[in-house]
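Below is one structure, written out as C-alpha cells, with a few remarks after it.
Fair warning: this is a prediction, and the values are worked out from it, not measured in the lab. Counting starts at 1 for both ligands and their atoms, following the listed order.
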Amino acid sequence: MKQKILELLGAGHPWAGSVQYYKTIVSTNDEAKRLANEGAPHGTILIAKQQTGGRGRMGRSFHSPAGTGIYFSVILRPKCQAKELMHLTCAVAVAVCDAIENATAFRPKVKWINDLVAQNKKLGGILTELSLNPDGTVKYAVVGIGINCNQKPEEFPAELENIAISLQTVLGNTVSVEKILAQLIYQLEKLSCNLLSAKEQIMAFYKQDCITIGQQVKVIDSQGTHQGTAVDLREDGALLVQFDDGTTEAVGSGEVSVRGLWGYC
Ligand code: BTN
C-alpha cells in the first residue's frame, strides 16, 4: 500500500519521506496529535487500513472498517494566528474534492462544513484539530480525512444504512484507494503552500462545492433547534443563516450542527 502510494506520488515529492502506514490504529488523528506534541514536522502523514476508534466532529464516531476506506491525517504547522486559519476545514474540503475528482472523475459535494456528500448521503468527512501557543499562534493543526471507498451498501451498520454511501456505489465500480491517497497528499501539500495567500479564491471554490447555501436548514445548538435559510458564507467559513424570525446570524462550526429540513442533507 505505502509503496504504491509513493510510486504514484513520485519519490521527489516533498512529503514522500514522511508517510507512515498503520495496519490498525485507534484514530490517526489521536496518533498525529501525539506525534505533533513530540515535535513531528509539517507534512507528517498517517494512513491506516483500519481504525478502532475513528472520530468525527461533535464527538461522533467515524465507521472505519479494514481495507474499504481511507483513514488519513496530516500534521500542518502554518505560521499564523489561529484566527487566520478559520477557513482550514473549508480549504481542505476543496482539496479533497479535487483529489477525488482527479482520481475517479467524480466530484463530491460538501455539506457545510465538513461532510463530503454524494446522492444526498455521507461519503466522508474532515476533522480539523488545532493546538495553539499562548500568544494565539498555531502550534500545529491536525487534519483528519475519512472517505468511504469500497464498502457495499449492506456493509454499513444499520444506523448508517440510509445516511452513508461509498465511492464504489456512486461509480458502480471499485476505486483505487492508493490513487486517491496519492492525489490527497499532492493536493494537500499544494494547499499548504497557498492556504493563507489564496483564501478568497479557495472560499469561492468552496462555495461552488457546498450544497448547504440556499437551503432551508435547522441549526442545532445548546439552546435548541432554530429553523432558517442558509444565505451565504463568510470568508472565515461561518454560515450566514436568515432565521424565520427575520434575523440573520453567522453560524460558526463550533458546537453547532446544521441539517436540511428533510433527512441527512
Ligand atoms: C466527521 O464525519 O465529522 C469527520 C470524520 C473524520 C474521520 C477521519 S478518519 C481519519 C481521522 N481519524 C479520525 O479519528 N477521524 C479522522
task = Evaluate the ring planes of H226 and F243, with Trp represented by its six-membered ring, and classify them as parallel (under 30°), tilted (30 to 60°) or perpendicular (over 60°).
result =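 The rings of H226 and F243 stand perpendicular, inter-plane angle above 60°.
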Mind checking whether Y71 and F62 have parallel, tilted or perpendicular rings, split at 30° and 60°?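 Geometry flag for F62 against Y71: perpendicular rings.
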Quiz prompt | Side-chain hydrophobic cluster, 4.5 Å single linkage: members besides L127 | solution =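 Its cluster partners, ordered by chain and number, are none at all.
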Output the list of atoms in ligand 1 that are nearer than 4.0 Å to some heavy atom of [X], sorted by atom number.
X    : value
R55  : 5 (C), 6 (C), 7 (C), 13 (C), 14 (O), 15 (N), 16 (C)
N114 : 1 (C), 3 (O), 4 (C)
I126 : 4 (C)
G54  : 14 (O)

Check: Applying the 4.5 Å side-chain criterion to the ILVMFWY set and letting contacts propagate, would I75 and L88 be lumped into a single cluster?
Finding: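 Different hydrophobic clusters.
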request  = Assess K122 for proximity to ligand 1: is some non-hydrogen atom of it under 4.0 Å away?
outcome  =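 Under 4.0 Å: yes for K122.
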| message | With no hydrogens and no angle check, just 3.5 Å: does a side-chain donor-acceptor pair link S27 and N29? | response |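 No, no side-chain donor-acceptor pair sits under 3.5 Å.
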Quiz prompt | D30, portion touching ligand 1 at heavy-atom distance under 4.0 Å | solution =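 No part of D30 is near ligand 1 at this cut-off.
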Q. For ligand 1, which part of S73 has a heavy atom less than 4.0 Å away: the side chain, the backbone, both, or neither?
A.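 Within the 4.0 Å criterion, S73 contacts ligand 1 through side-chain atoms alone.
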Can you tell me which residue and heavy atom of the protein come closest to atom 3 (O) of ligand 1, and the distance to 0.1 Å?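 Result for atom 3 (O) of ligand 1: R57 N, 2.7 Å.
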Among all protein heavy atoms, pick the one closest to atom 10 (C) of ligand 1 and tell me residue, atom and distance.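 Nearest protein contact, heavy atoms only, for atom 10 (C) of ligand 1 is T28 OG1, 3.2 Å.
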Q. Do ligand 1 and Q51 have nitrogen or oxygen atoms that lie under 3.5 Å from each other?
A.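 Yes: some nitrogen or oxygen of Q51 is under 3.5 Å from one in ligand 1.
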Excluding sequence neighbours, so at least two apart, what forms salt bridge (charged side-chain N to carboxylate O under 4.0 Å, His left out) with E159?
->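 None.
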Please examine the side chains of L188 and I145, heavy atoms only from C-beta on, and report whether any two atoms are closer than 4.5 Å.
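Answer yes - side chains close enough.
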#### Entry: The one among G146, G56, G124 that brings a heavy atom closest to atom 4 (C) of ligand 1
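It is G56 that holds the nearest heavy atom.
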message = Please check if the number of heavy atoms outside Q201 that lie under 6.0 Å from its CD is greater than 12.
response =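 Not buried by this count: 12 neighbours or fewer within 6.0 Å.
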